[in-house]
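The structure appears below as structure tokens.
Just so you know, ligand 1 is whichever comes first in the structure, and atom 1 is the first atom listed for that ligand. Just so you know, these numbers use all the heavy atoms, side chains as well, and skip hydrogens, waters and symmetry mates.
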Amino acid sequence: MTTTADDDLRSTPTQWDEEYDVVVLGAGAAGLTAAIVSAIEGKRTLLIEKSDQIGGTSALSSGSAWIPNNSYQRRNGTTGDAEAALEYLDALVGDRSDRKLREVFIAAGPNMLEYLEQHIDLRWLMYDVQPDYDPELPGATIGGRALMPLPFDGRTLGKNFDRVRSPIPEFMLFGGMMITRGEAARLLRIGRDLDSFLLAVKLSGRFILDRMRYKRGTRLVLGNALVAHLFKNLLDRRATIWYNGKTTRLISHARHACGLVVQRDGSEVRVRAKLGIVLAGGGFPASPELRERYFPKPVAQYTSAYEGCTGDTLLLAQEIGASLGSLGEDNALWFPSSIATRKDESTAVYPHIVLDRAKPGLIAVNSAGRRFFDEASSYHKFVRAMYRSNRNVPSIPAWLICDRRFVWKYGIGMILPLTPFLKPFINRGYLHVADCVEELARKIGVDSGGLVETVRTHNEFARTGVDIDFGKGSNAYDRAYGDPEHLPNPCLGPINRSPYCAVAVLPTPLGTSLGLLTNAHAQVLESSGQPIKGLYACGNDMQNIFGGEYPGPGAQIGVGMAFGYLAAKHAIATG
Ligand SMILES: Cc1cc2nc3c(=O)[nH]c(=O)nc-3n(C[C@H](O)[C@H](O)[C@H](O)COP(=O)(O)OP(=O)(O)OC[C@H]3O[C@@H](n4cnc5c(N)ncnc54)[C@H](O)[C@@H]3O)c2cc1C
């Protein structure tokens, strides 16, 4: 039997199977934030996660949150950052998104951080140097806006530790030990200073003990630390969490979303949401159909985002009249990623975030063997440049080119620095190696004359320290991820020692920017602009407030958590 929205309204309270104040769909950073705020405020909270683990893409991520004008900056003496950040966003985004939402974010972000610090002791580390992604624009900063969650002890979760989604395997050492980028840099100095040696002893000692009792290390950092911290506090407050919950429809009447129908353990449960329903399903980076519909051609076939982010929540909302935001340039946020088959035959999608592209001695070329962009620029801008270049000459995949000396010193993609044997990567078709540049070009199907000429020109730039063509290493962002010990330009070094190496990279969405249209309270809107009472969206389910631009490190999680906080607060205040 089919029921209409009107039938739903006629349902008396006794026809509901369960009743909560706030119901959240999706247990990533955005949904967990909405849920914890509701629980802190003493509301009956139900968090429904479609998989058997919490964390979503947030658990796989670096966990950085971009929050301008945060209290860490203020404690360090920074003033006026709210105005500076708005100026920066105006320059970067212009009228591609509603300025009001940016203003709301700038105001709410610091409040959200302070609220969570006060109630659940969620604390962060501020990087002095972690530049915004368009450092030349007015209002950009060199550091301070991006915050990294402090490590979290997974042992405090007891048996619920297994409910926290594991990071991307390639981002862990020894098959299960998490470390931060800063720790990785220190470990690479292990033969050179005592401090690094002691760190290695401490981390590996803890990991060995962990492995006697747990499937992986329990010292959680990055996105895993963030979601585990929120999760632990949700458990402590006895919020209800349903795993493997499939919501088949939202129940609404007269622009009021008042409940939902959930498939659970083989039966259908009608859940009343008295104050609000918050959609936080992480957008649609993992939906082949929606990627086909909304992404540029050639359509990305892989994603490093969590495979459960397939846009179900967007479709549920649209069924009761919600509207998507307007289409953007590409509707996605991007990583260039290399693809490999793991030993267990699963597919590794390895995002080249900041570890290799900016280092001296690497260029990226298209099929003509020509560079097409500043390799050290942000991952999002780099992929957009791949698509632009592809309009004129095949540039997908693009090829990262370097020499063996570079791979030894800095690593490339999945290949860690100081890796002695490259054979396994060559045999799996991940790394291509040749004795000379011409031969490498032939092996990877790139114009050899073009590549030889490009490498020659680039080596000249490396000598002078000035990349006349694309300015690699000419701005603060590039230099932050170069090699500070390499002069005159930390991002430019020669590619001149045989053998030569190449790795292919493809555009892969780390998230989506097309989402549900919302207002300043995170309320979901109809196309007329009318809010649907009781229905909220945050994280990647919400239309990107930066018009698809990527202002700085942590811009996804920062905004997701800020609007998760606003959604719960509004539902509680007005529901
Ligand atoms: C390797 C990597 C590193 C990154 N690093 C950063 C970073 O440092 N900072 C940053 O800001 N961004 C980063 N990103 C991007 C960022 O992680 C995501 O954009 C962000 O985590 C999305 O958060 P979310 O809460 O919207 O969704 P998610 O964290 O993906 O959570 C969504 C959850 O909803 C569940 N779900 C989906 N549909 C339903 C449904 N119908 N019912 C119930 N549950 C559902 C999913 O299973 C999932 O658990 C990174 C991404 C990757 C891949």
Side-chain angles (χ1 to χ4, degrees), residues 23-35 46-67 130 146-149 163-165 167-168 170-171 180-181 221-224 226-227 230-231 241-250 260 262-264 277-287 302-317 332-335 337 349-354 379-380 508-513 515 537-542 544 550-564:
V23 179
V24 180
L25 267 61
L32 285 165
T33 302
L46 170 63
L47 173 61
I48 304 177
E49 164 57 46
K50 80 183 226 187
S51 71
D52 60 356
Q53 286 182 308
I54 66 103
T57 308
S58 307
L60 313 180
S61 78
S62 308
S64 300
W66 191 78
I67 308 279
Q130 209 176 12
L147 303 172
M148 188 179 77
R163 289 287 187 189
V164 180
R165 185 166 306 292
I168 295 173
E170 288 72 27
F171 282 4
T180 64
R181 213 167 44 239
V221 295
L222 310 173
N224 242 248
L226 174 62
V227 298
L230 295 168
F231 178 45
I241 304 178
W242 289 354
Y243 302 97
N244 301 313
K246 180 174 164 45
T247 301
T248 51
R249 69 194 173 89
L250 301 179
L260 55 165
V262 185
Q263 288 281 349
R264 199 166 168 253
I277 300 168
V278 183
L279 304 177
F284 61 89
S287 163
Y302 302 96
T303 179
S304 46
Y306 170 55
E307 64 186 15
C309 298
T310 49
D312 328 349
T313 34
L314 306 186
L315 301 177
L316 287 169
L333 304 150
W334 300 105
F335 280 145
S337 296
V349 180
Y350 186 93
H352 294 243
I353 305 178
V354 291
Y379 32 88
H380 183 58
T508 59
L510 63 96
T512 41
S513 52
C538 54
N540 276 346
D541 274 0
M542 174 182 178
N544 186 275
Y550 211 125
Q556 302 303 296
I557 288 177
V559 175
M561 293 181 70
F563 279 93

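- Near Cys309, meaning under 4.0 Å from any of its heavy atoms, are these atoms of ligand 1: 30 (O).
- Between the side chain of Thr508 and the main chain of Phe335, a donor-acceptor pair closer than 3.5 Å is present.
- In this structure, the protein non-hydrogen atom closest to atom 15 (C) of ligand 1 is Leu510 CD1, 3.3 Å.
- Considering backbone and side-chain N/O atoms, Asn540 comes within less than 3.5 Å of an N/O atom of ligand 1.
- Closest heavy-atom approach to atom 52 (C) of ligand 1 among the candidates Tyr243, Tyr379, Phe171, Phe335: Phe335.
- Within the structure, ligand 1 lacks Gly560 among the residues with a heavy atom less than 4.0 angstrom away.
- The cationic group of Arg163 does not satisfy the cation-pi geometry with Phe231, failing either the under 6.0 Å distance to the six-membered ring centre or the 45° limit from the ring axis.
- Ligand-side atoms of ligand 1 in range of Ala29: 25 (O), 29 (O), range being under 4.0 angstrom from any heavy atom.
- Distance from atom 46 (C) of ligand 1 to its nearest protein heavy atom, with residue and atom name: Glu49 OE2, 3.5 Å.
- For Tyr302, the OH atom sits in a loose shell: 12 or fewer heavy atoms of surrounding residues, nucleotides or ligands are nearer than 6.0 Å.
- Contact analysis puts Tyr550 in contact with ligand 1, with a non-hydrogen atom separation below 4.0 angstrom.
- With a heavy-atom cut-off of 4.0 Å, Ala555 touches ligand 1 through its backbone alone.
- Listed for the His380 side chain is a donor-acceptor partner under 3.5 Å among the backbone atoms of Trp334.
- Ligand 1 has Gly55 within reach: a non-hydrogen atom of the residue lies less than 4.0 Å from it.
- Only the backbone of Ala280 comes within contact range of ligand 1, with a heavy atom under 4.0 Å; no side-chain atom does.
- Near Ser61, meaning under 4.0 Å from any of its heavy atoms, are these atoms of ligand 1: 2 (C), 3 (C), 4 (C), 5 (N), 6 (C), 13 (C), 14 (N), 17 (O), 50 (C).
- Using 4.0 Å as the threshold, Thr247 has no heavy atom nearer than that to any atom of ligand 1.
- For ligand 1 and Gly308, the ligand atoms under 4.0 Å from any heavy atom of the residue are 37 (C).
- Distances between N or O atoms of Gly558 and those of ligand 1 include no value under 3.5 Å.
- Within the 4.0 Å heavy-atom cutoff, Gly26 counts among the residues contacting ligand 1.
- For the pair Ser304 and ligand 1, the shortest N or O to N or O distance does not fall below 3.5 Å.
- Against a heavy-atom cut-off of under 4.0 Å, Ala27 is close to the following atoms of ligand 1: 33 (C), 34 (O).
- Ranking protein heavy atoms by distance to atom 44 (N) of ligand 1, first place goes to Lys50 N, 3.1 Å.
- Ranked by closest heavy atom to atom 9 (N) of ligand 1, the top entry among Ser64, Ser62, Gly28, Gly564 is Ser64.
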